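Order of the sequence lines sets the chain letters (A, B, ...), proteins ahead of strands, with each chain counted from 1. Just the heavy atoms: all of them, side chains too, but no hydrogens, waters or symmetry mates, feed the values below. Everything quoted here is computed from the prediction, not taken from an experiment.
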Protein chains: 2
Amino acid sequence: MTQADTRELRYFIAVAEERHFARAAARLGIAQPPLTRTIQKLERGMGVRLLERDSRGVRLTEAGTVLLREGRVALERVGAATRRAQRAGRTPATLVLAVKPGGDGGLLTEILAAHAAEPDAPDVDIVCVGAGEQAAAVRDGRADVALLHRPDADLTGLDREDLLVESQVALLPPHHRLSGHARIRVADLEDDPLPRWPDTAGELSGAGIREAGRLMQLILVGRLIAVGPESVRRYAWDGVACVPVVDAAPTTLALAWPEDSRSRAVSAFARVATAVASRHRDATVHEPGP
Amino acid sequence: MTQADTRELRYFIAVAEERHFARAAARLGIAQPPLTRTIQKLERGMGVRLLERDSRGVRLTEAGTVLLREGRVALERVGAATRRAQRAGRTPATLVLAVKPGGDGGLLTEILAAHAAEPDAPDVDIVCVGAGEQAAAVRDGRADVALLHRPDADLTGLDREDLLVESQVALLPPHHRLSGHARIRVADLEDDPLPRWPDTAGELSGAGIREAGRLMQLILVGRLIAVGPESVRRYAWDGVACVPVVDAAPTTLALAWPEDSRSRAVSAFARVATAVASRHRDATVHEPGP
DNA sequence: CGTCGTTACGTCGCCCGTAAATATG
DNA sequence: CATATTTACGGGCGACGTAACGACG
């Protein structure tokens with residue numbers, strides 16, 4: 001035997017992450033002894049030591065480090081395989097699109113309308129996921145395509161089509177010292193608590209930042225500020241100031257899908273989305289302001 | 001349960017490929033009944049019908065088609081995870097390079113020498129694989145890096161660095177009607193049996209084309225001809241004519257590795273290889289003749 | 001002596017193989 | 001009636017849990 005099993009991988013990953021057999025067993029909902037045995041058997045089967053058991057815990061060997069990283073993606077692919085097959089069997093066929101609230105660059109309704117107008121277009125299921133999880137949703141098979149922002153999102157294993165380049169704005173409380181400015185710079189914000197919304201929630205996830213309203217609330221009361229693509233303007237509450245950050249690297253709104261996708265529905269949707277985006281770009285170029 | 005197991009995936013893939021429970025069971029070395037039960041359980045667990053059992057065989061449903069494709073890569077990743085971890089645990093550390101006989105563009109010895117001269121360079125294990133299997137060897141964890149030719153090789157899931165652009169030559173028997181020509185065109189060859197050596201063995205694998213000597217033998221006796229990058233000249237036997245094919249799309253020799261590789265050894269090797277290749281390019285540009 | 005990983009042992013369940021049953025052209 | 005898949009039944013291996021043991025600070 002040299003081929004690890006999904007159960008063995010799950011168990012090993014739990015131990016490797018917890019660095020503690022007892023905690024890992026609790027997390028897995030089993031007793032410690034089966035865990036010990038499974039890891040031992042895995043090591044014996046592979047002919048390699050994965051964990052260095054020390055009395056005050058567990059350290060990973062070189063091989064263990066590799067198996068932790070590789071095993072995670074392997075399990076993810078197994079889960080993705082089953083989920084994608086499940087969804088392919090559901091009727092009627094639907095296309096699942098992962099978005100983040102407010103992360104559509106204002107294009108979503110237009111794209112959906114254009115897509116629905118296509119002949120034989122499947123229904124589109126929209127799933128809202130937490131900040132920065134759109135790519136993961138596509139990778140693990142929960143979604144077929146995702147709207148996300150580059151370069152914030154990690155696109156490993158995904159193909160993409162760029163839709164829109166957006167400059168960044170800061171969302172500030174009404175009485176913030178910079179609220180009146182016409183434009184500011186990144187350096188101006190370095191003292192403020194800034195979770196780079198809406199792409200990575202940073203360390204503030206405990207506060208429930210995943211919801212846009214919650215975030216606006218916190219901004220209004222001056223507990224934090226946020227920076228995001230200019231399309232978030234439309235979600236800003238009254239009183240929240242939107243000030244362009246002139247030297248922030250622009251982010252690109254992109255549509256992403258699995259790089260080995262052979263789905264006709266996905267490519268059709270991508271074609272429609274790029275068409276809408278390019279129409280949108282032309283419109284803003286030719287009619288700069290009202 | 002919604003997460004398939006590796007055993008279930010293996011079994012399903014066997015049935016899906018054979019389109020026949022009995023043959024699949026034989027291939028797996030088990031009896032049919034366990035196969036039937038396993039597939040049923042898999043379908044029940046996923047809540048989707050995967051196979052349409054007809055009296056004269058088995059057809060795949062939409063979901064089954066997806067699971068066949070996705071399940072293959074999932075199993076491959078599981079195998080890759082274990083193999084890579086195994087190799088990471090072996091001491092001393094070695095870097096495994098997959099090449100195809102004669103597919104090194106004449107750079108291999110130079111690259112190996114340059115790499116060995118680096119401080120802390122691991123030993124390089126060279127594994128020769130059949131034509132077109134270098135990428136697969138990297139994907140499934142048998143090798144860390146591969147030398148291969150674009151665009152013949154499928155680089156899905158791999159990162160690469162291009163080393164050398166090579167134009168193509170035809171290898172012809174001594175008395176072939178085109179042997180005396182200084183250059184020919186693709187259209188001139190359309191009547192000849194041509195396995196696009198050495199990248200894809202085509203349908204002739206039964207003849208044992210994997211070995212270069214065998215191929216030369218067949219060419220000499222006039223049983224077939226071959227087309228490949230110009231670096232194969234050095235492997236051509238006496239009497240075999242090498243004639244440039246002027247309108248064949250040039251192929252690019254590239255070094256490839258897993259796109260999520262975080263191995264220091266791989267990146268060091270890639271750096272050395274590109275340096276050697278660029279030196280080589282400069283040399284051939286500045287000294288065109290002998 | 002408390003913490004943590006391992007070994008021992010008995011039970012239950014899953015997977016397998018053999019044999020019989022069912023559907024279909 | 002022949003081919004192919006499914007159901008029925010019994011045996012064995014493997015995974016689990018409880019309990020006892022060993023190593024280390």
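Near-neighbour residues of DNA chain C inside residues 18-27 of chain B, defined by a heavy atom below 4.0 Å, are absent.
Without hydrogens or angle criteria, Gln86(B) side chain to Met46(A) main chain gives a donor-acceptor distance under 3.5 Å. Although no hydrogens or angles enter the test, the distance criterion places no donor-acceptor pair under 3.5 Å between the side chain of Thr82(A) and the main chain of Gln3(B). Ser261(B) contributes no side-chain N or O that, together with a main-chain N or O of Trp257(B), makes up a donor-acceptor pair within less than 3.5 Å.
Leu51(A) has its CG atom 14 Å from the C1' atom of dT6(C), to the nearest Å. Counting to the nearest Å, the C1' atom of dC15(C) and the CD atom of Gln32(B) are 15 Å from each other. For Arg44(B) and dC14(C), the CZ to P distance is 11 Å, given to the nearest whole Å. Atom CZ in Arg49(A) sits about 12 Å away from atom C1' in dT6(C), given to the nearest Å. Rounded to whole Å, the distance from OH on Tyr11(A) to C1' on dG5(C) is 17 Å. Counting to the nearest Å, the P atom of dC15(C) and the CZ atom of Arg10(B) are 12 Å from each other. Note: CZ (Arg59(A)) to P (dC4(C)) measures 16 Å, nearest angstrom.
Extent of DNA chain D lying under 4.0 Å from chain A heavy atoms, first and last nucleotide in 5' to 3' order, is dA15(D) to dG25(D).
A cation-pi arrangement is found for Arg7(B) relative to Tyr11(B), the charged atom lying closer than 6.0 Å to the ring centre and inside a 45° cone about the ring normal.
A search for side-chain contact (heavy atoms from CB on, under 4.5 Å) contacts involving Thr6(B) returns Asp5(A), Thr6(A), Leu75(B), Val78(B), not counting sequence neighbours. When the side chain to side chain donor-acceptor pair (under 3.5 Å) test is applied to Arg139(A), no partner is found at least two apart in sequence or on another chain.
Residue Arg37(A) is classed as a base contact, given a heavy-atom separation below 4.0 Å to a base.
Within the structure, side chain to side chain donor-acceptor pair (under 3.5 Å) contacts touching residues 119-130 of chain B (residues at least two apart or in different chains) do not occur.
Taking a 6.0 Å sphere around CD of Glu18(A), one finds it holds more than 12 heavy atoms contributed by other residues, nucleotides or ligands.
Residues Leu50(B) and Glu43(B) are in side-chain contact: their nearest non-hydrogen atoms beyond the backbone lie under 4.5 Å apart. By the 4.5 Å heavy-atom criterion applied to side chains, Glu259(B) and Leu158(B) are not counted as neighbours.
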Exercise for the section: Output, in order, the C-alpha distance, side-chain angles, deciding distance and verdict of salt bridge (charged side-chain N to carboxylate O under 4.0 Å, His left out) for Asp144(A) and Arg87(A). Expected result: CA-CA 10 Å; Asp144(A) 298 300; Arg87(A) 292 219 329 278; 2.4 Å; yes

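Each of Arg7(B) and Gly57(A) has a nearest nucleotide on DNA chain C; the 5'-most of these lies closest to Gly57(A).
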Exercise for the section: Summarise protein proximity over nucleotides 19-25 of chain C in one line of letters, 5' to 3': B for base, S for sugar-phosphate only, - for none, counting protein heavy atoms closer than 4.0 Å. Expected result: B----S-

